[in-house]
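A short worksheet on the structure shown next.
Please read all numbers here as calculations on a predicted model, not as lab measurements.
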Amino acid sequence: MDSLFSSVGSAFGGLLSLVWLVIVILVIVKIAKSSASTVAKVIWIIVLLAFPLIGLIIWLLFGPRG
């Protein structure tokens with residue numbers, strides 16, 4: 001029974017990781033397509049890659065619009 005829960009937990013963790021990766025990739029594409037300056041885009045992408053969760057929250061609050 002422990003093996004079943006371990007497998008389900010592992011699969012769920014893998015699925016969450018995949019969803020997180022897709023979200024990060026979509027945000028990077030949105031940053032790249034934004035009207036912000038190149039320097040601002042690079043800084044946002046570096047922040048997002050260096051601090052994934054905090055970077056995403058900061059970007060959602062203060063990121064470039066448009």
Paired with Val27, the side-chain contact (heavy atoms from CB on, under 4.5 Å) test is passed by just one of Ile31, Ile25, Val29, namely Ile31
Examine Ile23 and Leu15 and state if one hydrophobic cluster contains both, with Ile, Leu, Val, Met, Phe, Trp and Tyr joined whenever side-chain heavy atoms are less than 4.5 Å apart.
-> no
Common cluster, Leu53/Val19, ILVMFWY with side-chain heavy-atom separation under 4.5 Å | yes
Determine whether Val24 and Phe51 fall in the same hydrophobic cluster, where Ile, Leu, Val, Met, Phe, Trp and Tyr are linked whenever their side-chain heavy atoms lie under 4.5 Å apart.
-> yes
Atom pair NZ (Lys30) and NZ (Lys41), whose distance is rounded to the nearest 0.5 Å = 12.5 Å
If you link I, L, V, M, F, W and Y whenever their side-chain heavy atoms are under 4.5 Å apart, who else ends up in the same group as Leu26?
-> Val22
Side-chain cluster (under 4.5 Å, hydrophobic types only) that Val42 belongs to, other residues = Ile46
Would a hydrophobic clustering, with Ile, Leu, Val, Met, Phe, Trp and Tyr connected at side-chain separations under 4.5 Å, put Trp59 with Leu21?
-> no
Is there side-chain contact between Ile58 and Trp44, with heavy atoms separated by less than 4.5 Å?
-> yes
Scanning both residues in full, the closest heavy-atom pair of Leu48 with Leu56 reads CD1-N, 3.7 Å
